[in-house]
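As structure tokens, the structure follows; a few thoughts come after it.
Order of appearance sets the numbers: ligands from 1, and atoms from 1 within every ligand. The first residue of the sequence shown is numbered 1, and numbering continues consecutively from there.
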Amino acid sequence: MLKCNPGLYGRSLLRLADLSDEEMMDVLDLAITLKARRCAGVRGDLLKRRQIALIFEKSSTRTRTAASVAIRDEGGAAEYLSKSDIHLGAKESVKDTARVLGRTFDGILYRGFAQKTVETLAEYAGVPVWNGLTDVFHPTQILADLMTIKEVFGRLKGLKLAYVGDGRNNVANSLMIGCAKAGLDYVNCTPPELCPDTALVAEAREIACRNGASVSVVHDPVAGVTGANVVYTDVWVSMGEEAQKETRLKLLRPYQVNMELMRATGNAQGELIFLHCLPAFHDHETVVSSESGAMEVTDEVFESPLSKVFDEAENRMHTIKALYVSALTELSAL
Ligand code: CP
Ligand code: NVA
């Protein structure tokens, strides 16, 4: 039997803090059940005839395909709308676009720049809106990350996750909140210039405190990863920040995740994994414009048995499906 969280019916996800800690854990459990269901060959009709609009102002491989397949798997359909396909923010306001799409679709997933845009969509659409990445948050990514950690270790509480790299980007921000909610100790290893917003750190600390966990920001990557069970990194230059590439390369070179840093955790296979939301600059093929091979992670780590990045990528689909089912299905169990 699939247990849904009836409390999430009709609800949007704009940032992880929109969910209670328990609701977030329920979404992860539902995603794990939905994954098993798909692996057993079931393509059901939990989302039969549901229609989702996918608005993408930035490019995407995982989020777009996960969001499309998740709805189709269960009998619904998705309409992909790139920035150039619709009038959003040009000939038509976000508010008007929200009111139009909300009359036609059962839900909207948005990827773009401003957090304000996804908030306005949610305010006026009258249907659930999911944040598929903004400059500030990437909540659906972190659900997949936590699901992957839970699959590997069988638990979340009490583990330690070290994020190494650009400490104030969308992934780092949502990861900090997600770890705090799930009871993982979170260490953000980043240069002083790229520290997360202090108000967000304070919010995460409050959440962590009620779950017996901690949130810290450090500048020494070796000290930061000591004792870590999960080492996580992301690109050094996020979408929309290309002009800062040279500065970022200089700042973040000492924060590259390589085998020496993985060893500095003091943990080995069985107690340690590597995660990356992807896409990753880890080899010469993808780093065509860089002067010296890998950027945020070396090939040695990326291709090692410690790396769970493709399980993590797959889990994007199961977690987004869990969000759809929770928000669009009224039943508490199916
Ligand atoms: N991790 C992630 O969001 O990947 P995409 O940019 O390919 O969607
Ligand atoms: N921080 C990255 C995440 C990509 C999934 C970016 O915003 O480009």
Indicate yes or no: does an N/O atom of K58 lie under 3.5 Å from an N/O atom of ligand 2? no
Would you kindly say whether K181 and N211 are connected by a side-chain donor-acceptor distance under 3.5 Å? no
What is the nearest protein non-hydrogen atom to atom 4 (O) of ligand 1, stated with its residue, atom name and distance? R62 NE, 2.8 Å
What residue and atom, counting heavy atoms only, is the protein's closest point to atom 7 (O) of ligand 1, and at what distance? T61 N, 2.6 Å
Please report the interatomic distance CG(L14) to CG(D18), rounded to the nearest 0.5 Å. 5.0 Å
Heavy-atom contacts under 4.0 Å between L133 and ligand 1: side chain, backbone, both, or neither? neither
Would you say the side-chain atoms of H276 and E312 include a donor-acceptor pair closer than 3.5 Å? no
Short list, please: which atoms of ligand 1 are under 4.0 Å from a heavy atom of C277? 1 (N)
Do Q141 and N170 pair up side chain to side chain, a donor and an acceptor below 3.5 Å, judged on atom types alone? no
Within the structure, does L278 bring an N/O atom to less than 3.5 angstrom of an N/O atom in ligand 1? yes
Would you mind checking if K150 and D145 are paired as a salt bridge, meaning a charged N to carboxylate O distance below 4.0 Å? no
With no hydrogens and no angle check, just 3.5 Å: does a side-chain donor-acceptor pair link Y110 and N131? no
The atoms of ligand 2 lying under 4.0 Å from a heavy atom of V235, numbered in the order shown, are 2 (C)
With heavy atoms only and a cut-off of under 4.0 Å, state how R316 meets ligand 1: side chain, backbone, both or neither. side chain
Test your reading of the structure: does H138 have an N or O sitting under 3.5 Å from an N or O of ligand 2? no
Record the part of N170 in heavy-atom contact with ligand 2 below 4.0 Å; permitted values are side chain, backbone, both and neither. side chain
Nearest-neighbour protein heavy atom for atom 6 (O) of ligand 1, which is reported as residue plus atom name and distance: R111 NH1, 2.8 Å
Return yes or no for this condition: an N or O of H138 is under 3.5 Å from an N or O of ligand 1. yes
Verify whether the ring centers belonging to Y255 and W236 lie closer than 6.0 Å. no
What protein heavy atom lies closest to atom 4 (C) of ligand 2? Include the residue and the distance to one decimal. L133 CD1, 3.9 Å
Whether over 12 other heavy atoms sit under 6.0 Å from E92 CD: yes
Could you tell me whether some N/O pair between V171 and ligand 2 is separated by less than 3.5 angstrom? no
In this structure, atom 8 (O) of ligand 2 is nearest to the protein heavy atom M239 N, 2.8 Å
Using atom types as modelled and distance alone, determine if a side-chain donor or acceptor of S93 lies under 3.5 Å from a backbone N or O of G89. no
Might you confirm whether atom CD of E206 has over 12 heavy atoms from other residues, nucleotides or ligands at distances under 6.0 Å? no
Which of the atoms in ligand 1, numbered in the order shown and given with their element, are less than 4.0 Å from a heavy-atom of Q141? 1 (N), 2 (C), 3 (O)
Taking the six-membered ring of F56 as reference, does the NZ or CZ atom of K83 fall below 6.0 Å from its centre and within a 45° cone about the axis? no
Out of N173, L278, V136, D234, who gets a non-hydrogen atom closest to atom 5 (C) of ligand 2? L278
Element-labelled atoms of ligand 2 that are located less than 4.0 Å from some non-hydrogen atom of S238: 1 (N), 2 (C), 6 (C), 7 (O), 8 (O)
